[in-house]
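This report refers to the structure that appears directly beneath it.
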Amino acid sequence: MIHFVILNNRQGKVRLTKWYSTYSQKERSKVIRELTGIILSRGPKLCNFVEWRGLKVVYKRYAGLYFSMCIDQDDNELETLDIIHHYVEMLDRYFLNVCELDLIYNFHKAYYILDELLLAGELQESSRRTIARLVAAQDSLVETAREQASLLGDLVKQAM
Amino acid sequence: MIRAIRACKTAAEERGVVRKECAAIRAAINENDNDYRHRNLAKLMFIHMLGYPTHFGQMECLKLIASSEFPEKRIGYLGLMLLLDERQEVLMLVTNSLKQDLNHSNQYIVGLALCALGNICSAEMARDLAPEVERLLQFRDPNTRKKAALCAIRIIRKVPDLAENFINPAAALLKEKHHGVLITGVQLCTDLCKASVDALEYFRKKCTEGLVKTLKDVANSPYAPEYDIAGITDPFLHIRLLKLLRVLGQGDADASDLMNDILAQVATKTESNKNAGNAILYECVETIMSIEDNGGLRVLAINILGRFLSNRDNNIRYVALNMLMKAITVDAQAVQRHRATILECVKDSDASIRKRALELVYLLINESNVKPLTKELIDYLEVSDQEFKGDLTAKICSLIAKFSPEKIWYIDQMLKVLSEAGNFVKDEVWHALIVVISNASDLHGYTVRALYRALQTSVEQESLVRVAVWCIGEYGDMLIKNVGMLDIEDPITVTESDAVDIIELAIKRHTSDLTTKAMSLIALLKLSSRFPPCSERIQDIIVQNRGNLVLELQQRSIEFNSIIQKHQNIRSALVERMPVLDEATFIGRRAGSMPPTVSTSSGASLNLPNGVAKPSAAPLVDLLDLSLDDAPAPSSSGGDFLQDLLGVDLSPASNQSGTNQASKAGTDVLLDLLSIETPPVQSSLSPPDVLSSIQDNKSPVASLEELALPSSLSGQATTPVGASPMMDLLDGFVSNPPKPENNGSVYPSVVAFESGALRITFDFSKPPGNPQTTSIQATFTNLSPNVYTDFIFQAAVPKFLQLHLDPASSNTLPATGNGSITQNLRVTNSQHGKKSLVMRIRIAYKINNKDVLEEGQISNFPRGL
């Protein structure tokens, strides 16, 4: 299973974290610090796997962003790389040419997408189209709710 | 807000902004502001991501979740998953909301609840909500079904007992067409199989065939853009199916048979030029390796790994190495074929690959290939990175120790490792090397020469220096005289002063640590006896160290100096070559995870002709350096060698408590000597104990005793070295108030000591004009029917007293009271009038050539002496 997902940039700033195994807040920041150190210092030609505390961290760099996932010792590393790629493609499709700023200002959207892709540390859906559809459907639900709210607000104002 | 934070140039500025925001959010929370709650929480999440504490926002999550609107719920659940973890008690409060949402009519809200449950549920929540999840597994919407399946995985991971409830619904999921549901269903089955044996049996019987068919369909399916990755339809589904088949096939021949065909098909047909294809192949190989034996498939699998191994992509090589480690238990022969490639991988520039490869090589090595492979590894040691050297060295050392075909090879390889990476070698390893060297008596000369040569080039390797110093100390004479020359060596000429030079170098190098320096000192002491011409120079070096700031070295130097100066007669015996270290004990100790000291008091047999310590003294001194850590003498007072012998003697004894009787007795005696508080009664109890151990003829104590005796034996009445340590030992006497004795103005004779057959009487007299001094004439009488030979009387007094012993009239004590030995003692009491005399005595003699030791304390001296 995937124990956690960390997304950070080249400077080591964390852009997204998701924990599927239990780590206390203290452990979390320790893990992040430790792993960013290891991963950022690895050269571009090296393999994408790091052995760490009896687990494996699979990471991949996309432009200035590092996507890392921590998996069990006997999980399939190559598949995890594909999952990372899958996620990046989803982000790309959703934001239309995703960049770091998208992830900063719309970090909650990035989480929503991740929640449709992974659950309980396991892959949930292999179809990009389905994920996109689900996220879009929920977004529109939010939109309609907002519109209704503002409509309601207007009505209240008019009535007054 | 995000913009404001991003605009901050320094960390301090950022903290300021965050603090302000947090304050605003807290205020909003207090006002119970409904409209902006979700925005505040979003801000909080961002702040949380930056690593600031956000615990005050936890209740807000719950409020948002409890609201009826979807946007609020959505952000609330997100906050719940981010800000909380399963151990927080707040989480319990959310169980009810979750239950409501799981039953909500809106499938997206159900989805949100499932998502939260799957990511953070605790064991308690899992129990409470398992029925809801079970129901949702049959929900009409596939997206809800797949989420419920993954939730079920989390639940059975938390509470394995619940697995049974999920078996049937999970089996139903395997018949789905929707890929998302299928993937999660397969995953759920895999986890169920791990959690419960019943589930495994059930799926094996009912589902294996169906799964094989599904896999066949997926593998043969035409191009499907929705699931396509790099030309392969849904590799994720492939991999999960293969994984489940692996679990089902493991240990079951029938199930394995069913899947053979499809595995062969996947293994041969899958494209391997893209990552996705390789991922499938990798999973397939693992499945082939795990299921029941099928020769043809295994060959196929190993060939795929061979292809992987020669791939240029580091990732692929990494997984290949990883898989070969598993394959080695199945088919070692096939893996051996790739040995050369694997060995290349050890030298890769990538740390992950190196580590894997090294572990694999470690497994690959056996008796037949250990020589060439070790050579390769050692060659590589020269050029490897610093941070890799530690790992590599440890592995090489353990290989050498495990498979070495002969001792000379072992020694050769270890020397190479020591010269290359001596600083990375662990203590146990070089201790073991010394044990081996000491056991290989025909290689002593060869080893010491090889070490000497190695030391010329690699002085900076600490453990090499230590081993070399030890060997030169022990076998220095062989170094000079080229004893035991082997055909393969080049002859070298080393003069005595060369050998001393090299040790001097070791002791003077500022990087040498305490252990090395201490070992060097001992080596010097040994050389001083082996190389008489250099004795002067050695003494100089030792003297230089008398001022050393480290107490241990200072003390040692002073002792050794006095050995060289004053005890020429015993020195050669004292520094004799160590007896062969006991390999079995050493290995046993290591296996028993005892503290790693090499000290081994092997049965250095003692025969004590006339008061000269035999070899056992040498191991004692040597033990000292090897087990330096625990060597410090138990008594605090200053430096003299007797005490140190005691200390040394004590430390191995206490370390190997109970391993042999001798050392136990050693401790006893020491306790006796040192425990001043013990009443005399107790000390009279101990002799039988001591006696028995001496009969074992292994006791280091006896030699200690002999060593302590130079003064009384050689007839020098006033050897400070001999006498002062004894006084030191009895320091504590001062605190022991002397018992008020029977009156007596003119000093009457007293029976100072009486045991079964031995009586000692003291007659006192005072020389005129000197009240502090008392002359004592001791008379020893033997009441037993046996003659006592080699009779020795020793006495020790506290510091405020000074004791001079004159030679005894004889050292044979006739039987049945037919005569006696007399010996004069002169005691000077520096605190005359304040303190009474007190004395501790020990008598050693032989009955029919058996050693007997008696001791006691005399406190019944008349008052006023």
**Asked** Is it the backbone or the side chain of L114(B) that comes under 4.5 Å from a heavy atom of chain A, or both, or neither?
**Response** backbone

**Message:** For chain B, which candidate among H85(A), H108(A), E51(A) shows the most heavy-atom pairs at distances under 4.5 Å?
**Reply:** E51(A)

**Between Y282(B) and E77(A): side-chain donor-acceptor atoms closer than 3.5 Å** = yes

**Fill in**
Scored by heavy-atom pairs under 4.5 Å with chain B, the best of E79(A), R28(A), R42(A), R129(A) is E79(A)

**Request:** May I ask you to test the K177(B)-L182(B) pair for a side-chain heavy-atom distance under 4.5 Å?
**Result:** no

**Prompt:** Using 4.0 Å as the upper bound for N to carboxylate O, is an ion pair formed by E27(A) and K30(A)?
**Reply:** no

**Asked** If you tally heavy-atom pairs under 4.5 Å against chain B, which of D74(A), L119(A), V142(A), T80(A) wins?
**Response** L119(A)

**Best-contacting candidate, N278(B), N143(B), I353(B), against chain A by heavy atom pairs under 4.5 angstrom** = N143(B)

**Item:** Contact listing (chain A partner; residues 314-322 of chain B; heavy atom under 4.5 Å)
**Value:** N314(B), N315(B), I316(B), Y318(B), V319(B), N322(B)

**Item:** Proximity breakdown for F236(B) and chain A, heavy-atom pairs closer than 4.5 Å
**Value:** both

**Fill in**
Applying a strict 4.5 Å limit to non-hydrogen atoms, the region of H86(A) in contact with chain B is side chain

**Request:** Taking atom types as modelled, find out whether Y108(B) and R74(B) have a side-chain donor-acceptor pair closer than 3.5 angstrom.
**Result:** no

**Asked** If you count heavy-atom pairs under 4.5 Å with chain A, which of H179(B), K243(B), M81(B) comes out on top?
**Response** M81(B)

**Message:** Can you tell me which portion of H238(B) sits under 4.5 Å from chain A's heavy atoms? Options are side chain, backbone, both or neither.
**Reply:** neither

**Asked** At a heavy-atom separation under 4.5 Å, does D234(B) approach chain A through its side chain, its backbone, both, or neither?
**Response** side chain

**Message:** Strictly below 4.0 Å, N to O, side chains only: are R157(B) and D191(B) in salt-bridge contact?
**Reply:** yes

**Item:** Contact class of E69(B) relative to chain A, heavy atoms under 4.5 angstrom
**Value:** side chain

**Prompt:** Any luck finding a side-chain donor-acceptor pair between Y94(A) and D139(A) under 3.5 Å?
**Reply:** yes

**Asked** Who wins among L118(A), L134(A), L81(A) for the most heavy-atom pairs under 4.5 Å with chain B?
**Response** L134(A)

**Test item: side-chain donor near acceptor, Q138(A) and E116(A), under 3.5 Å** = yes

**Engaged part of F107(A) at the chain B interface, taking heavy atoms whose separation is under 4.5 Å** = side chain

**Message:** Is K147(B) close to chain A through its backbone or its side chain, or both, or neither, when contacts mean heavy atoms under 4.5 Å?
**Reply:** both

**Asked** Is the shortest heavy-atom distance from the side chain of L91(A) to the side chain of Y62(A) under 4.5 Å?
**Response** no

**Message:** Using side-chain heavy atoms (C-beta onward) and a distance below 4.5 Å, is R145(B) in contact with L136(B)?
**Reply:** no

**Request:** Go through V50(A), T17(A), V14(A), I83(A) and name the one with the most non-hydrogen pairs under 4.5 angstrom from chain B.
**Result:** I83(A)

**Asked** Between N119(B), T184(B), N106(B), L112(B), which residue shows the highest count of heavy-atom pairs closer than 4.5 Å to chain A?
**Response** N119(B)

**Which atoms of D313(B) approach chain A - backbone, side chain, both or neither, heavy atom under 4.5 Å** = neither

**Request:** Go through the steps to decide whether E283(B) and R240(B) satisfy the test salt bridge (charged side-chain N to carboxylate O under 4.0 Å, His left out), and finish with yes or no.
**Result:** CA-CA 9 Å; E283(B) 199 66 43; R240(B) 277 174 185 65; over 6 Å; no

**Request:** Determine, stepwise, if the pair K109(A) / D102(A) fulfils salt bridge (charged side-chain N to carboxylate O under 4.0 Å, His left out).
**Result:** CA-CA 9 Å; K109(A) 299 275 171 65; D102(A) 290 326; over 6 Å; no

**Fill in**
Bottom line for I75(B): the part with an atom under 4.5 Å from chain A's heavy atoms is both

**Fill in**
Among E122(A), E143(A), K56(A), the residue with the most heavy-atom pairs under 4.5 Å to chain B is E122(A)

**Item:** Pair Y23(A) + F4(A): ring centers closer than 6.0 Å
**Value:** yes

**Message:** Measuring from atom CG of L103(A) to atom CG of L7(A), what distance do you get when rounded to the nearest 0.5 angstrom?
**Reply:** 6.0 Å

**Asked** Between D72(A) and H3(A), do the side chains contain an N or O donor and an N or O acceptor separated by less than 3.5 Å?
**Response** yes

**Residue part contacting chain B, namely of S29(A), when any heavy atom lies under 4.5 Å** = neither

**E125(A)/R133(A) salt bridge by N-O under 4.0 Å criterion** = no

**Message:** I'd like to know if K146(B) and E176(B) make a salt bridge, using a cut-off of under 4.0 Å between side-chain N and carboxylate O.
**Reply:** no

**Fill in**
In terms of heavy-atom pairs under 4.5 Å with chain A, the winner among V181(B), I280(B), L82(B), L117(B) is L82(B)

